[in-house]
Amino acid sequence: MGSVNIYVPIVLLGLLVFITLIIFLAEKFLGDHSEKKIYINDDATISVHGDDTALNILTNNKIYLPSACGGKATCGTCKFQLIDYDRPPKATELPFLSKQEIADGVRLSCQTKVTTDLRIVLPKGLLTAKEYVGLVESVEDLTYDIKLVRFKLNEPMPFKPGQYVQIKVPGIDTVRAYSIASSMEDPSHIELIIRFVPKGEATTFVHKAMIVGDKITITGPFGDFFLHEDSDKPMIMIAGGSGKAPIRSIVYRLMSLGFKRKASYFFGARTTKDLYYTDYFLDVSKRFPNFEYIPALSHSTEEENWTGEKGLITDVVGRFSDDLSNHEAYLCGSPGMIDACIKVLKSKGMPEENIYFDKF
């Protein structure tokens with residue numbers, strides 16, 4: 001009787017392992033391997049065998065959609081439009097899709113399995129995104145929790161000031177998005193401003209492990225947030241923390257154009273230890289009369305002897321602004337900060353279509 005009690009669990013465990021193996025092999029070798037096609041913007045076609053997600057299939061065919069979460073349905077950036085597609089979105093997609101987007105066939109590519117032919121529409125800009133190898137040339141401390149990382153690319157990456165890239169953390173399946181902080185006039189190098197996030201895999205790697213000489217996979221450029229050079233409207237730029245990155249790139253471009261447009265740049269921080277590049281931007285404001293830099297602290301202390309603006313950056317913007325009906329704005333920060341800024345700008349008369357930002 002004792003030997004039966006010993007061997008029965010072993011037999012059951014072996015049977016369970018065997019069944020699991022059979023299921024795995026059946027899915028691998030007996031799955032749907034019929035040919036399907038993805039038609040892109042009616043001018044490109046991808047043949048598909050097997051059943052993977054649209055995001056993975058497009059990536060494997062060197063068509064890169066933004067996916068800051070690596071395809072885990074937590075960022076909502078890998079949207080694409082499907083034509084004649086009537087399947088309802090998955091529950092994982094609903095937080096990222098508006099009712100109009102759902103009606104228009106917009107879905108998350110990471111949640112869309114290619115089980116039949118698909119006709120999709122992608123913005124033209126996405127078709128120019130590529131994968132690059134970035135050699136880390138320097139890592140510089142800007143504050144106690146923000147670093148500037150400079151990469152030399154294996155080939156030039158043309159981009160627009162304000163756009164972002166994604167970096168892949170070596171050794172783990174983690175991809176994160178960061179705005180480009182450097183000048184578009186040097187496309188062989190890009191600089192990223194990266195703030196440390198406790199328990200964040202990507203920022204922990206950058207702040208604790210990345211060293212000069214590392215080679216990092218970089219994909220991009222991405223984003224519909226960029227400087228509109230065809231406009232002559234006065235500009236309001238608002239950022240906080242590492243949100244200074246895309247604004248820095250935009251200011252570089254405005255400088256190279258001679259700062260023909262009026263521009264006010266509001267930067268919000270908690271205390272003086274969270275400020276960086278202050279002297280640089282104040283110097284730019286001295287050299288270019290059309291540019292004004294307004295840093296503000298929300299939690300300054302008496303010991304800091306801060307004589308600049310105080311309060312939430314949205315309050316500071318409100319105090320400095322009157323009629324903004326003929327202005328446009330460029331915002332970079334947390335989703336909450338962006339929402340608060342939009343509310344203030346609209347209250348000053350700025351049309352919502354003149355407010356540009358990326359949330360990621």
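A donor-acceptor pair under 3.5 Å is formed between the side chain of Y276 and the backbone N or O of G241. Under the 3.5 Å distance criterion, the side-chain polar atoms of S249 are left unmatched by any main-chain donor or acceptor of P246. Listed for the R119 side chain is no donor-acceptor partner under 3.5 Å among the backbone atoms of I83. Looking only at distances, a side-chain donor or acceptor of D117 sits under 3.5 Å from a matching main-chain atom of K37. No side-chain donor-acceptor contact under 3.5 Å links D145 to the backbone of F196. Using modelled atom types, one side-chain atom of S182 and one backbone atom of E191 make a donor-acceptor pair closer than 3.5 Å. At distances below 3.5 Å, at least one donor-acceptor pair connects side-chain atoms of E304 with backbone N or O atoms of T272. A donor-acceptor pair is defined here as one N or O able to donate and one able to accept, closer than 3.5 Å; such a pair exists between the side chain of K36 and the backbone of G50. A donor-acceptor pair is defined here as one N or O able to donate and one able to accept, closer than 3.5 Å; no such pair exists between the side chain of T174 and the backbone of V169. Without hydrogens or angle criteria, D52 side chain to I57 main chain gives no donor-acceptor distance under 3.5 Å.
Contact annotation: the side chain of V165 never approaches that of F159 to less than 4.5 Å [non-hydrogen atoms, C-beta and beyond]. For the pair E328/R261, a side-chain contact is recorded, criterion being any heavy-atom separation below 4.5 Å from C-beta on. Residues P170 and F205 meet the side-chain proximity criterion, which asks for heavy atoms closer than 4.5 Å. By the 4.5 Å heavy-atom criterion applied to side chains, T59 and Y64 are counted as neighbours. Contact check for I211 versus V136: no side-chain heavy atoms found under the 4.5 Å cut-off. When side chains are defined from C-beta on, R253 counts as touching E229, because their heavy atoms get closer than 4.5 Å. In this structure, V175 and T219 have side chains that are not in contact, with every pair of non-hydrogen atoms separated by 4.5 Å or more. The side-chain heavy atoms of Y178 and T203, taken from C-beta on, include a pair separated by under 4.5 Å.
Looking only at atom types and distance, the side chain of N56 has a donor-acceptor partner in the side chain of T53 under 3.5 Å away. One side chain, T115 or R87, offers a donor N or O that lies under 3.5 Å from an acceptor on the other.
Residue K72 places its NZ atom among more than 12 non-hydrogen atoms of other residues, nucleotides or ligands, all under 6.0 Å distant. Heavy atoms of other residues, nucleotides or ligands lying less than 6.0 angstrom from NZ of K215 number 12 at most. Other residues, nucleotides and ligands contribute only 12 or fewer heavy atoms inside 6.0 Å of the CG atom of D322. Under a cut-off of 6.0 angstrom, the local environment of CZ in R319 is crowded, with over 12 non-hydrogen atoms contributed by other residues, nucleotides or ligands. More than 12 non-hydrogen atoms from other residues, nucleotides or ligands lie less than 6.0 angstrom from NZ of K348. For E352, the CD atom is loosely surrounded, since the number of other residues' heavy atoms within 6.0 Å does not exceed 12. For D339, the CG atom is densely surrounded, since the number of other residues' heavy atoms within 6.0 Å is greater than 12. In this structure, K160 places its NZ atom where only 12 or fewer heavy-atom neighbours from other residues, nucleotides or ligands lie under 6.0 Å away.
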*asked:* Please determine whether side chain to side chain contact (heavy atoms under 4.5 Å, CB included) holds for the pair K124 and N41, giving the CA-CA distance in whole Å, both sets of side-chain angles, and the decisive distance to 0.1 Å.
replied: CA-CA 9 Å; K124 294 290 186 182; N41 295 358; 4.2 Å; yes

_Trace of the side chain to side chain contact (heavy atoms under 4.5 Å, CB included) decision for R248 with L148_ = CA-CA 12 Å; R248 182 176 184 247; L148 176 76; 4.0 Å; yes

*Evaluate salt bridge (Lys or Arg N to Asp or Glu O under 4.0 Å) for K62 paired with E131, printing each intermediate quantity in order.*
CA-CA 8 Å; K62 299 188 182 302; E131 189 172 86; 5.8 Å; no

*List the steps, then state whether side chain to side chain contact (heavy atoms under 4.5 Å, CB included) holds for Y252 with M184.*
CA-CA 8 Å; Y252 277 145; M184 64 176 286; over 6 Å; no

*Determine, step by step, whether V251 and F281 satisfy the side chain to side chain contact (heavy atoms under 4.5 Å, CB included) criterion, reporting the C-alpha distance in whole Å, the side-chain angles of both residues, the deciding distance to 0.1 Å, and the verdict.*
CA-CA 9 Å; V251 170; F281 284 106; 4.0 Å; yes

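Note that K79 lies outside the cation-pi zone of F96, set by a 6.0 Å cut-off to the ring centre and a 45° limit from the axis. Annotation: cation-pi geometry not satisfied between K244 and Y277 (NZ/CZ under 6.0 angstrom from ring centroid, within 45° of ring axis).
Between Y293 and the choices F266, Y265, Y280, F320, the ring pair (Phe, Tyr, Trp, His ring centres under 6.0 Å) rule is met once, by Y265. Of the listed residues (I218, V133, L135), just one forms a side chain to side chain contact (heavy atoms under 4.5 Å, CB included) with N154, and that residue is V133.
Scanning both residues, P89 and L94, for their nearest heavy atoms gives CG-CD2, 3.6 Å. Looking at every heavy atom in both residues, G311 comes nearest to A296 through O-CB, 4.3 Å. Of all heavy-atom pairs spanning Q111 and G71, the tightest one is NE2-O, 4.2 Å. Here the closest non-hydrogen pair linking P187 and L153 is O-CD1, 3.6 Å. Residues P351 and L324 approach most closely at CD-O, 4.4 Å, considering heavy atoms. What you find for H228 and F226 is that their closest heavy atoms are CD2-O, 3.0 Å.
Connection of V316 to M350 is established within a shared hydrophobic cluster, with ILVMFWY side chains joined at heavy-atom distances below 4.5 Å, either directly or through further cluster members. In the hydrophobic cluster analysis, where Ile, Leu, Val, Met, Phe, Trp and Tyr join through side-chain heavy atoms closer than 4.5 angstrom, I342 is grouped apart from Y330. Tracing side-chain contacts under 4.5 Å through hydrophobic residues (I, L, V, M, F, W, Y), one never reaches V106 starting from L55; they form parts of separate clusters. Residues L345 and I294 share a single hydrophobic cluster, defined by chaining ILVMFWY side chains whose heavy atoms lie under 4.5 Å apart. By the rule that hydrophobic residues join a cluster once side-chain heavy atoms approach within less than 4.5 Å of another member, I40 and F80 end up as members of one cluster.
Aromatic ring centres of F222 and Y164 lie closer together than 6.0 Å.
Note that OG of S298 is 13.0 Å distant from CD of E309, once rounded to the nearest 0.5 Å. We find the SG-CG distance between C75 and L108 to be 8.0 Å, quoted to the nearest 0.5 Å. Taken to the nearest 0.5 Å, the CG atom of D224 stands 11.0 Å off from the CZ atom of F357.
Taking the six-membered ring for Trp and thresholds of 30 and 60 degrees, F259 and F288 have ring planes inclined between 30 and 60 degrees apart.
Under 4.0 Å is where a charged nitrogen must lie from a carboxylate oxygen, and between E137 and R150 at least one such pair does.
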